[in-house]
Amino acid sequence: VTTPAGAGFGTARISLVTPPSPNGEDWWHAYAAELASSGIGEVSRRGIEADARHIVDQGVLGAGLPGDDRWPEGRVRTGAVMGAVQSGKTASMIAVTALALDAGVEAVVVLGGTRTALWLQTTERLLGQLDVLPPKTSRRCLLPPPPAPPRPGG
């Protein structure tokens with residue numbers, strides 16, 4: 001992709017799909033691998049990454065990296081994801097989360113819906129597509145904890 005000269009980036013060729021990191025230990029590359037293995041096409045993956053990077057760069061980190069003196073005193077960033085059914089809201093939200101965590105954001109709060117089924121679906125996507133790096137217990141704290149799998153005979 002070539003960015004226009006007036007976009008503040010100069011004219012440069014940039015890759016929107018980041019190559020895997022050498023150690024595979026960052027959130028974005030783990031999520032990108034999950035997206036690729038899920039069958040989502042390359043063009044869609046490029047769009048998800050480009051949009052997420054824009055949101056992180058201009059919104060989440062618009063006042064600088066975490067800890068920068070330009071951040072407001074509360075250090076809080078908020079946002080909402082809205083869109084039609086099956087439009088990619090959760091994929092976008094997870095991508096933004098992964099990139100923000102890689103940039104040093106220490107906590108992410110996800111309000112996954114007002115219905116139990118929607119909350120569980122969002123939780124399953126977060127756990128299955130983002131929370132794939134070891135060791136999980138040192139990387140995250142889920143509140144409330146996800147439901148335990150049913151016990152045999154219980």
Side-chain angles (χ1 to χ4, degrees), residues 1-72 74-115 117-136 138-142 146:
V1 172
T2 302
T3 60
F9 301 107
T11 301
R13 187 142 183 95
I14 59 171
S15 171
L16 295 179
V17 178
T18 309
S21 66
N23 61 8
E25 290 292 322
D26 64 26
W27 295 98
W28 169 253
H29 289 97
Y31 181 55
E34 290 295 321
L35 283 177
S37 69
S38 73
I40 293 176
E42 183 179 346
V43 171
S44 295
R45 293 193 318 268
R46 286 181 185 200
I48 290 167
E49 182 176 355
D51 290 347
R53 286 192 184 280
H54 178 78
I55 292 166
V56 170
D57 292 344
Q58 300 303 311
V60 176
L61 301 177
L65 293 173
D68 189 303
D69 290 338
R70 294 175 293 170
W71 274 52
R75 307 267 196 248
V76 174
R77 293 288 188 267
T78 61
V81 179
M82 296 179 359
V85 173
Q86 297 295 311
S87 64
K89 296 178 298 294
T90 304
S92 175
M93 176 188 67
I94 295 172
V96 167
T97 299
L99 291 169
L101 290 169
D102 285 341
V105 171
E106 294 178 346
V108 176
V109 177
V110 176
L111 303 176
T114 58
R115 304 276 187 249
L118 181 57
W119 175 81
L120 287 171
Q121 180 182 21
T122 302
T123 300
E124 288 169 3
R125 292 265 310 265
L126 281 165
L127 294 176
Q129 295 179 346
L130 180 65
D131 191 21
V132 296
L133 297 172
K136 291 182 180 190
S138 69
R139 292 186 172 268
R140 55 104 169 117
C141 175
L142 297 173

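Only heavy atoms go into these numbers, but all of them, side chains included; no hydrogens, no water, no symmetry mates.
Atom CD in Glu124 sits 10.5 Å away from atom CG in Leu126 (nearest 0.5 Å). To the nearest 0.5 Å, atom CG of residue Leu35 and atom CD1 of residue Ile94 are 8.0 Å apart. Residue Asp131 holds its CG atom at 11.0 Å from OG1 of Thr123, rounded to the nearest 0.5 Å. Note that OG1 of Thr90 and CD of Gln121 are 6.5 Å apart. Values are rounded to the nearest 0.5 Å. Separation of atoms CG (Asp26) and CG (Leu133) is listed at 7.5 Å; rounding is to 0.5 Å. Distance check: Asp102 CG to Thr97 OG1 gives 11.0 Å after rounding to the nearest 0.5 Å.
Leu130 and Tyr31 make their closest contact through CD1-CB, 4.3 Å (heavy atoms, listed as atom of the first residue, atom of the second, distance). The shortest heavy-atom contact between Ser87 and Ala84 is OG-O, 2.7 Å. In this structure, Ala100 and Val56 approach most closely via the heavy-atom pair N-CG2, 4.1 Å. Taking every heavy atom of both residues into account, Gln86 and Lys89 meet most closely at N-NZ, 4.2 Å. For Gln129 against Glu34, the heavy-atom pair with the smallest separation is O-CG, 3.3 Å. The minimum heavy-atom distance between Trp28 and Ala95, with the atom names listed, is CZ3-CB, 3.6 Å.
Two residues are said to be in side-chain contact when any heavy atoms from C-beta on lie closer than 4.5 Å; Met93 and Thr122 meet this criterion.
The backbone N or O of Ile40 lies less than 3.5 Å from a partner atom in the side chain of Arg45, making a donor-acceptor pair.
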